[in-house]
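What you are looking at is a predicted structure, and each value in this text was computed from that prediction instead of being measured. We count ligands from 1, going down the list as the structure has it; atoms in each ligand are counted the same way. FYI, side chains are in, hydrogens and waters are out, and symmetry mates aren't considered; it's all heavy atoms of this structure.
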Amino acid sequence: MFHVEQFKEIMNIERLTKAVRNVPDFPIPGIQFKDVTTLFKDPETLKELSDGLYEMYKDKGITKVVGIESRGFIMGPLLAERLHAGFVPVRKQGKLPAETYEICYDKEYGKDIIQIHCDALNENDVVLLHDDLLATGGTMKAAVDLIEKFNPKKIYVSFLIELTGLNGRKLFRPEMEIKSIIQYNI
Ligand code: AMP
């Protein structure tokens, strides 16, 4: 498991953890929804996240940050600009205008399809996949499988939040570098 200890001078994890709004029973009863908009609206926590993510990935040679719709579209482009990388969106079915690759995956209720433009990446890319939150891991696992179609040099995975009790990491190969900044044991 990745520890953010080494970035404690840049990010106050306790403060960041407190800044996430918990919304009980949203969107359905029983879900503790972790609302990241409260992290982004405060200029101090937004800067801490931006600086922290930059420090975590600045030496990795990232060429493309791939953000997952829709909350991966907030820190994703911000980080891409700081890393001098490009930004690529992974979107729900039917949103991207040009030719796409797609993957279908199981959700708690039914199935979902995510897509990426066929010309978005190539085998010379070092990819950082980003989303706001790791829960069961199904969404990110599908995104990793989609990105692997491009055979990039390397794939890194980053989240702002991880719900460690759901053990989403078990879906990924052990050698995959998966980082999260804030962890909740639910
Ligand atoms: P999963 O595929 O189960 O890992 O779910 C991850 C996706 O669902 C992410 O895009 C999250 O934004 C969203 N998500 C799942 N559970 C929560 C939660 N408790 N609070 C906020 N977002 C969630």
Side-chain angles (χ1 to χ4, degrees), residues 1-2 4 13-42 45-46 49-50 52-53 56-57 64-80 87-96 100-116 120 127-149 155-174 176-186:
M1 154 97 68
F2 165 78
V4 285
I13 304 300
E14 202 184 326
R15 188 155 68 107
L16 290 173
T17 306
K18 284 188 182 145
V20 177
R21 174 162 50 200
N22 188 75
V23 185
D25 300 322
F26 181 89
I28 54 168
I31 300 288
Q32 299 291 326
F33 192 87
K34 301 298 177 192
D35 176 18
V36 286
T37 66
T38 47
L39 281 175
F40 301 145
K41 78 169 181 185
D42 177 345
T45 49
L46 180 62
L49 288 175
S50 173
L53 284 166
M56 285 155 71
Y57 293 103
K64 299 270 171 53
V65 177
V66 177
I68 310 217
E69 184 170 357
S70 61
R71 287 180 293 271
F73 293 178
I74 300 169
M75 293 310 294
L78 213 155
L79 181 57
F87 177 76
V88 169
V90 162
R91 299 209 61 182
K92 311 250 166 73
Q93 187 179 31
K95 304 283 185 188
L96 289 170
T100 57
Y101 294 128
E102 68 182 35
I103 193 159
C104 182
Y105 65 102
D106 289 320
K107 299 254 286 189
E108 203 175 347
Y109 306 104
K111 293 184 181 299
D112 217 343
I113 292 175
I114 52 173
Q115 298 181 320
I116 189 169
V127 174
L128 172 58
L129 257 164
H130 174 76
D131 201 1
D132 68 326
L133 186 140
L134 172 64
T136 65
T139 309
M140 187 55 88
K141 176 63 170 60
V144 167
D145 290 348
L146 192 57
I147 300 305
E148 281 179 340
K149 288 183 198 278
I155 301 174
Y156 296 89
V157 177
S158 82
F159 300 94
L160 303 181
I161 298 173
E162 176 174 1
L163 306 184
T164 54
L166 296 176
N167 203 12
R169 283 177 184 256
K170 70 178 181 305
L171 295 185
F172 301 88
R173 288 194 302 275
M176 183 143 278
E177 270 193 49
I178 303 171
K179 297 183 182 183
S180 60
I181 294 171
I182 300 165
Q183 289 95 25
Y184 296 94
N185 187 21
I186 52 172

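For Asp106 (side chain) and Lys111 (main-chain N/O), no donor-acceptor pair under 3.5 Å exists by modelled atom type.
Rounded to the nearest 0.5 Å, atoms CD1 (Ile116) and OG1 (Thr100) are 10.0 Å apart. To the nearest 0.5 Å, atom CD1 of residue Ile186 and atom CG of residue Leu166 are 7.0 Å apart. A distance of 10.0 Å separates CD of Gln115 from CD of Glu69, quoted to the nearest 0.5 Å. How far OH of Tyr105 is from CG of Leu171: 12.0 Å, rounded to the nearest 0.5 Å. With values rounded to the nearest 0.5 angstrom, Lys141 atom NZ is found 15.5 Å from Arg169 atom CZ. Residue Ser180 holds its OG atom at 12.5 Å from CG of Asp131, rounded to the nearest 0.5 Å.
Listed by number with element, the atoms of ligand 1 under 4.0 Å from a non-hydrogen atom of Asp131 are 9 (C), 10 (O). Of all the atoms in ligand 1, the ones that sit under 4.0 Å from a non-hydrogen atom of Arg71 are 11 (C), 12 (O), 13 (C), 22 (N). Residue-ligand proximity, Asp132 to ligand 1, at heavy-atom distances under 4.0 Å covers atoms 9 (C), 10 (O), 11 (C), 12 (O). In summary, the atoms of ligand 1 found under 4.0 Å from a heavy atom of Leu163, numbered by their order in the structure, are 19 (N).
When distances from atom 1 (P) of ligand 1 to the protein are checked, a heavy atom turns up under 4.0 Å.
Contacts with ligand 1 closer than 4.0 Å are made by no heavy atom of Met140, backbone or side chain. Of the heavy atoms in Thr139, both backbone and side-chain atoms come closer than 4.0 Å to ligand 1. Within the 4.0 Å heavy-atom criterion, neither part of Ile68 lies near ligand 1.
Geometric assessment of Lys179 against the ring of Phe159 yields a negative cation-pi assignment under the 6.0 Å and 45° thresholds.
Remark: minimum distance from atom 3 (O) of ligand 1 to any protein heavy atom is reached at Thr136 OG1, 2.5 Å. If you check which protein heavy atom lies closest to atom 19 (N) of ligand 1, you get Gln32 O, 3.0 Å. If you check which protein heavy atom lies closest to atom 20 (N) of ligand 1, you get Lys34 N, 2.9 Å.
Within the 4.0 Å heavy-atom cutoff, Gly137 counts among the residues contacting ligand 1.
For the residues Asp112, Val20, Leu133, the heavy atom positioned nearest atom 17 (C) of ligand 1 is part of Leu133.
Smallest separation of non-hydrogen atoms from Leu53 and Ser158: CD2-OG, 4.4 Å.
For ligand 1, one of its N or O atoms has an N or O atom of Ala135 under 3.5 Å away.
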